[in-house]
Peer 1: 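This is the structure, below, for whatever I ask next.
Just so you know, these numbers use all the heavy atoms, side chains as well, and skip hydrogens, waters and symmetry mates. Labels below follow one simple rule: chain letters A, B, ... track the order of the sequence lines, proteins then strands, and each chain is numbered from 1.
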Amino acid sequence: MPVYNMIQALNDALRTAMRKNDRIVILGEDIGKLGGVFRVTKDLMAEFGTDRVIDTPLAEGGIIGAAIGMALYGLRPIAEIQFSDFIYPAFDQIVNELAKYRYRSGGQYECPLIIRTPSGGGIKGGLYHSQSPEAYFIHTPGLKVVMPSNPYDAKGMLLSSLDQNDPVVFFEPKRIYRSAKGEVPETEYRVEIGKAQVVKQGKDVTLISYGAMMTEALEAAEKALEEGIQVELIDLRSLVPLDIETMIHSIQKTGRVVIVNEAPRTCGFAAELMALINEKAFLYLEAPPARVTGFDTPFPYSLEHDYLPSVGRILKEIYKTTHF
Amino acid sequence: MSAILKSEIESNGSSVQVLKEDGSLLNKKAEPDFSKEDLKKLYYLMVLTRMTDERFLRMQRQGRIGFYLTSTGEEAAHIGSAFAMEEKDWLFLQYREPGAALLRGFSLFRFACQILGNVGDLTKGRQMPCHYAYKEGHILSISSPIGTQIPQAVGFAWAAKIRNDNLASLVYFGDGATSSGDFHVGMNFAGVFKVPVVFFCKNNQLAISLPFEKQTAVSSVALKAQAYGIDGIRVDGNDLLAVIQVTKQAVQKARSGGGPTLIEALTYRIGAHSTSDDPRIYGDESKLEEWKKKDCILRFQKYLESKGIWSLGFEKEVQERAGVEVSKAIEEAEKLSAPSLDTLFEDVYSDLPQQLREQKNELLS
C-alpha cells in the first residue's frame with residue numbers, strides 16, 4: 001500500500017473519482033497547468049482536459065456561483081478556493097444560495113457541490129493565508145462541513161463527499177498537507193461523513209479536536225501519559241453532521257473534557273461543543289469543560305505559534321481538568 | 001434579422017425597435033412571421049399578467065397576503081424574452097417576471113398558493129411571495145439578492161456546453177443588479193468561456209428609489225458588455241416584437257457557439273418596488289406619466305388592431321377570460337391551509353441529521 005501525504009491522497013481521490021464519473025468537473029484558480037498552488041490537482045488537466053479541469057478568472061464569487069449552476073445542471077463540480085481566507089467574496093453565494101437551494105425550492109432542486117479549501121495557520125501566512133473560518137459555515141443550515149486530519153481520511157472523506165447530495169465544505173489543514181503521511185489504499189474506499197474517530201483510548205480525560213490540531217493533541221496525549229494521565233483522543237473529522245454520540249459516550253466514561261481548535265474562541269466551534277456537552281453530559285462531568293483555542297485577535301504573522309494552541313497549552317488544560 | 005441585431009450599440013443609447021409607439025411598424029421587413037394564435041396567446045398572457053398583478057396587489061391591501069411585487073409596465077420585456085426561448089432552455093428569474101413563469105406552465109393556482117405560502121405551494125411556504133421555483137417548467141429557484149442568479153445561470157449554461165447539450169439559459173436582473181459583483185463575475189466568466197447564456201437586464205430605471213443615472217455613469221447598460229468582450233444591445237423593452245426578435249437572435253447565437261449576449265430592455269417601473277414601498281416619496285411624476293403613455297400592452301394592442309386581430313369584442317373576451325382564470329385560481333388556493341409543522345425540517349439536507357431530528361422532536365412534542 002502506498003504511503004502518501006495529504007496532497008497525494010487528495011490528488012489520488014480526485015483522479016480516482018474523475019476516472020469513474022465523467023460528470024465530475026473541478027474548477028478554481030491555478031488548478032490546471034500548475035496543479036494548484038499546493039499541487040493537489042497536479043496533472044489532472046493533462047488527463048481530463050480543460051473542460052473538466054478549469055482554470056478560472058480570479059473571482060471566488062464567480063467560481064462558487066458558476067459551480068452552483070453546474071451542480072443544478074447535474075454535474076458534480078468540485079470548486080477549489082485557493083485559501084479559505086479568500087472565501088468571503090463567495091460568502092453570499094455559499095450562505096444565501098448554495099446552502100438554501102433545496103430548502104427554498106421545496107426539494108425540487110439539489111445542489112451537490114464540494115468546496116475544497118485549505119485552512120488554518122502555522123505556515124507563516126499572516127492574516128490572509130491562515131484563517132480558520134469553519135464556524136461561519138457550521139452556523140449555516142444546509143451545509144455539511146468536514147476537515148480530515150490525515151491522508152487516509154482525506155481520500156476516504158473526499159470520495160464520501162461525492163456521494164452526498166448536499167453541499168460539502170471540505171477544509172484541508174494545509175499546515176500538515178505534506179507532513180501528515182500514511183498508508184492510503186489504491187482502491188476506492190469511503191470514510192463515512194458524520195462519524196468521529198477515537199484515535200486513542202483512555203479513561204481519565206476526553207480530548208476532542210480536528211484538522212491540523214490533531215497533531216498537537218496527539219503529542220499532548222502522549223506527554224500526558226508520561227505523567228500517568230490516560231487521554232481518550234477523538235478526531236471529529238466531520239463537523240456537520242456531528243457525531244455527538246461518540247463524544248458524549250467518551251465523556252460519560254471520563255467525566256472530563258478538553259476541546260482544541262485553532263479558530264478564534266468567541267462563538268468558535270469549541271463553544272458549541274461545550275454547550276452540547278453541558279446539555280447532554282452535565283451530570284457525568286467531574287470538572288468544567290475546557291477549551292484551548294486561537295485567541296480573539298486577527299491571525300498574527302510573527303507570533304503565529306504563540307497564537308495557535310500548543311502542546312504546552314493543551315497539557316496545561318489537561319492537568320487543570322484532571323486535578324479539578 | 002441581422003439588420004436588427006447590431007453587435008455594437010451607439011453610445012447615445014438608442015434602442016432596437018420593431019413597433020413604433022403608436023403600434024405601427026417601424027420597418028416592415030423586420031416584422032416577425034408569427035401565427036395569429038401566437039399573437040393572441042401573447043396578448044392574452046400580457047393581459048393576464050397585468051390582471052394577476054392587480055389582483056394580488058389588491059389582496060395585499062386587503063390584508064389577505066403579506067407582500068407582493070408587481071411587474072406592471074414590464075410585461076413585454078419578460079414575456080417577450082421568455083417566449084423567444086425554446087422549452088428545453090432554462091430561465092433564471094429575478095422576482096419580477098410572473099408572465100415568464102406563466103408562459104412556462106406555472107399555473108395561476110400554484111402561483112397563488114406560493115403567494116399564500118400554503119400547502120399547495122411547490123416550495124412549501126418557505127419563501128416570501130414571488131420567490132417561486134418550478135423545475136417542470138425549467139424555472140430555477142428565485143432568491144432576494146439581486147444578482148446572485150447571474151453567475152449561476154452562467155455555470156448552468158456552461159455545464160450544458162461541457163456536456164455538449166444544445167441548450168441555453170437566460171437570466172433576468174434589473175438595472176440595480178448591474179452594480180453588483182455578481183453581474184461583473186458572471187459577465188466575465190461567460191465572456192472568457194463563451195458560455196451559451198443570455199443576460200437579460202430589465203432596465204426599469206429604478207432600483208427601489210435609486211434612479212438609473214445614479215446607478216451608473218454610463219448611458220446604457222448594454223455598453224457594459226464591451227468590457228467583457230461580448231455583444232451588448234439595447235432594445236425597446238416596451239416593444240414586445242423587438243424584445244422577441246432580439247432575444248431569439250441572442251439565443252440562436254448562444255446555441256451555435258457564438259457566446260453570450262447582454263440585452264438591455266429599456267422600460268419603466270410603473271408601480272412601486274414592492275407593496276412595502278412608497279414611490280410618492282421619491283418618484284418622478286412627469287416621467288411616470290410619460291412612460292405610462294408608452295405602455296407595452298397598449299402598443300401591442302394597436303398592432304393587433306392593425307392586423308385585424310384586436311377589436312373591442314376581442315378585448316372584452318380576453319378581459320373576461322383572464323378575470324375568471326385569476327378569480328378561480330385565488331379562490332381554489334385560499335381554501336388550502338398552511339404547510340404542516342414537520343415540513344419545517346425537510347429539505348435542509350438530503351437526510352435528517354441527529355441535531356435536526358432532536359429539534360424536530362422538540363417542536364412536535
Peer 1: Counting only heavy atoms not in Glu334(B), do more than 12 sit closer than 6.0 Å to its CD atom?
Peer 2: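 More than 12 heavy atoms, drawn from other residues, nucleotides or ligands, come within 6.0 Å of this atom.
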Peer 1: Side chain from CB out, backbone as N, CA, C, O: work out which of these in Glu110(A) comes under 4.5 Å of a heavy atom of chain B, or both, or neither.
Peer 2: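 When you check distances to chain B, no heavy atom of Glu110(A) falls under 4.5 Å.
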Peer 1: Of all the residues in residues 102-126 of chain B, which have a heavy atom that comes within less than 4.5 Å of a heavy atom in chain A?
Peer 2: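 Residues in range: Leu122(B), Thr123(B), Lys124(B), Arg126(B).
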Peer 1: Checking heavy atoms, do the side chain of Phe193(B), its backbone, both or neither come under 4.5 Å from chain A?
Peer 2: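 The answer is the side chain of Phe193(B).
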Peer 1: At a heavy-atom separation under 4.5 Å, does Val348(B) approach chain A through its side chain, its backbone, both, or neither?
Peer 2: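 Both the backbone and the side chain of Val348(B) come within 4.5 Å of chain A.
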Peer 1: Quick one: what part of Leu344(B) sits under 4.5 Å from any heavy atom of chain A, side chain, backbone, both or neither?
Peer 2: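 Both parts, heavy atoms under 4.5 Å.
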Peer 1: Inspect the surroundings of NZ in Lys88(B) and state if more than 12 heavy atoms from other residues, nucleotides or ligands are less than 6.0 Å away.
Peer 2: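 Enclosed: over 12 neighbouring heavy atoms sit under 6.0 Å from NZ of Lys88(B).
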Peer 1: Just so I understand: if I count every heavy-atom pair under 4.5 Å between each of Leu276(A), Asp243(A), Ile63(A) and chain B, which residue has the most?
Peer 2: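 Counting heavy-atom pairs under 4.5 Å, the top option is Ile63(A).
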Peer 1: For Ser144(B), is it the side chain, the backbone, both, or neither that has a heavy atom closer than 4.5 Å to a heavy atom of chain A?
Peer 2: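 Neither the backbone nor the side chain of Ser144(B) comes within 4.5 Å of chain A.
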Peer 1: Determine, stepwise, if the pair Asp351(B) / Asp166(A) fulfils side chain to side chain contact (heavy atoms under 4.5 Å, CB included).
Peer 2: CA-CA 9 Å; Asp351(B) 51 5; Asp166(A) 298 299; 4.3 Å; yes
Peer 1: Could you tell me if the side chain of Arg163(B) sits less than 4.5 Å from the side chain of Leu75(A), heavy atoms only?
Peer 2: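 In contact.
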Peer 1: Applying a heavy-atom distance below 4.5 Å, give me the residues of residues 80-89 of chain A that approach chain B, sorted by number.
Peer 2: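 Answer by number: none.
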Peer 1: Chain B: which of Gly61(A), Gly65(A), Ala67(A) shares the most heavy-atom pairs with it under 4.5 Å?
Peer 2: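 So the answer, after comparing Gly61(A), Gly65(A), Ala67(A), is Gly65(A).
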Peer 1: May I ask you to decide if Leu143(A)'s main-chain N or O and Tyr349(B)'s side chain share a donor-acceptor pair within less than 3.5 Å?
Peer 2: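 Yes.
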Peer 1: Is it true that, when you exclude Glu47(A) itself, more than 12 heavy atoms of the residues, nucleotides or ligands shown sit nearer than 6.0 Å to its CD?
Peer 2: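 For Glu47(A), atom CD is crowded (more than 12 foreign heavy atoms under 6.0 Å).
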Peer 1: Take atom NZ in Lys194(B); do more than 12 heavy atoms of anything else shown fall under 6.0 Å from it?
Peer 2: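 Open: at most 12 neighbouring heavy atoms sit under 6.0 Å from NZ of Lys194(B).
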Peer 1: Got Tyr101(A) and Asp347(B) here, is their nearest side-chain heavy-atom distance under 4.5 Å?
Peer 2: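 Side-chain contact under 4.5 Å: no.
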Peer 1: Excluding sequence neighbours, so at least two apart, what forms ring-ring contact (aromatic ring centres under 6.0 Å, His included) with Phe91(A)?
Peer 2: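 Testing Phe91(A) for ring-ring contact (aromatic ring centres under 6.0 Å, His included), a comparison that skips the adjacent residues, returns Tyr136(A), Phe137(A).
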Peer 1: Measure the CG-OH distance between Asp165(B) and Tyr73(A) for me, rounded to the nearest 0.5 Å.
Peer 2: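 The OH atom of Tyr73(A) is 3.0 Å from CG of Asp165(B), to the nearest 0.5 Å.
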Peer 1: I need the contact set between residues 48-60 of chain A and chain B: heavy-atom distance under 4.5 Å, sorted by residue number.
Peer 2: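 Hits under 4.5 Å: Asp51(A), Ile54(A), Asp55(A), Thr56(A), Pro57(A), Ala59(A).
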Peer 1: Taking C-beta and beyond as the side chain, do Asn96(A) and Ser143(B) meet within less than 4.5 Å on heavy atoms?
Peer 2: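 Contact flag for Asn96(A)/Ser143(B) side chains = no.
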Peer 1: When heavy-atom pairs shorter than 4.5 Å are enumerated against chain B, which of Pro167(A), Pro112(A), Gly106(A) gives the highest number?
Peer 2: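 Top option by heavy-atom pairs under 4.5 Å: Gly106(A).
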Peer 1: Which atom pair, heavy atoms only, marks the closest approach of Arg104(A) to Ile142(B)?
Peer 2: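 Taking Arg104(A) first and Ile142(B) second, the nearest heavy atoms are NE-O, 3.9 Å.
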Peer 1: Does Tyr128(A), at its OH atom, have more than 12 non-hydrogen atoms belonging to other residues, nucleotides or ligands within less than 6.0 Å?
Peer 2: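 Open: at most 12 neighbouring heavy atoms sit under 6.0 Å from OH of Tyr128(A).
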Peer 1: Which atom pair, heavy atoms only, marks the closest approach of Ala133(B) to Tyr109(A)?
Peer 2: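 Here Ala133(B) and Tyr109(A) meet closest at CB-CE1, 4.3 Å.
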Peer 1: Which region of Asp22(A), side chain (C-beta onward) or backbone (N, CA, C, O), has a non-hydrogen atom less than 4.5 Å from a non-hydrogen atom of chain B, or is it both or neither?
Peer 2: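 Contact with chain B: backbone and side chain both.
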Peer 1: Rounded to the nearest 0.5 Å, what's the gap from CD on Gln355(B) to CG on Leu242(A)? Could you check?
Peer 2: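 Result: 5.5 Å between the selected atoms.
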Peer 1: Working to the nearest 0.5 Å, report the span between OG of Ser180(B) and CG of Asp92(A).
Peer 2: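 Answer for the OG-CG pair, Ser180(B) versus Asp92(A), is 9.5 Å.
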Peer 1: To the closest 0.5 Å, what do you measure between CD1 (Ile244(A)) and CD (Gln354(B))?
Peer 2: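 That separation rounds to 4.5 Å.
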Peer 1: With chain A, which of Ala190(B), Gly181(B), Pro151(B) has the greatest number of heavy-atom pairs at distances under 4.5 Å?
Peer 2: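 Maximum pair count with chain A is reached by Pro151(B).
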Peer 1: Could you tell me whether His138(B) atom NE2 has more than 12 heavy atoms of other residues or ligands within 6.0 Å of it?
Peer 2: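 Yes, because the 6.0 Å sphere around NE2 of His138(B) holds more than 12 heavy atoms from other groups.
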Peer 1: Got Glu97(A) and Pro145(B) here, is their nearest side-chain heavy-atom distance under 4.5 Å?
Peer 2: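 In contact.
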Peer 1: Measuring heavy-atom distances to chain B, does Lys144(A) have an atom under 4.5 Å in its side chain, in its backbone, in both, or in neither?
Peer 2: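 Lys144(A) touches chain B through backbone and side-chain heavy atoms alike.
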Peer 1: Which bit of Ala160(B) comes within less than 4.5 Å of chain A, counting heavy atoms only: side chain, backbone, both or neither?
Peer 2: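 Both parts, heavy atoms under 4.5 Å.
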Peer 1: How about Lys280(A) and Glu358(B): do any of their side-chain heavy atoms sit closer than 4.5 Å?
Peer 2: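 Heavy-atom side-chain distance check passes, below 4.5 Å.
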Peer 1: Specify the closest pair of heavy atoms between Met70(A) and Gly155(B), including all atoms of both residues, with the distance to one decimal.
Peer 2: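 It is CG-O, 3.3 Å.
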Peer 1: Please report the closest heavy-atom contact between Asp182(B) and Gln93(A), naming both atoms and the distance.
Peer 2: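 The pair with the smallest heavy-atom distance is OD1-NE2, 3.1 Å.
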Peer 1: Of the non-hydrogen atoms in Phe189(B) and Ala66(A), which two are nearest, and what is the gap between them?
Peer 2: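 Closest approach of Phe189(B) to Ala66(A): CD2-CB, 4.4 Å.
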Peer 1: Could you check whether any side-chain heavy atom of Arg102(A) comes within less than 4.5 Å of a side-chain heavy atom of Ser350(B), counting everything from C-beta outward?
Peer 2: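 A side-chain contact exists here, since the closest heavy-atom pair is under 4.5 Å.
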Peer 1: Pick one of side chain, backbone, both or neither for Leu140(B), based on which atoms fall under 4.5 Å of a heavy atom in chain A.
Peer 2: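 Both backbone and side chain.
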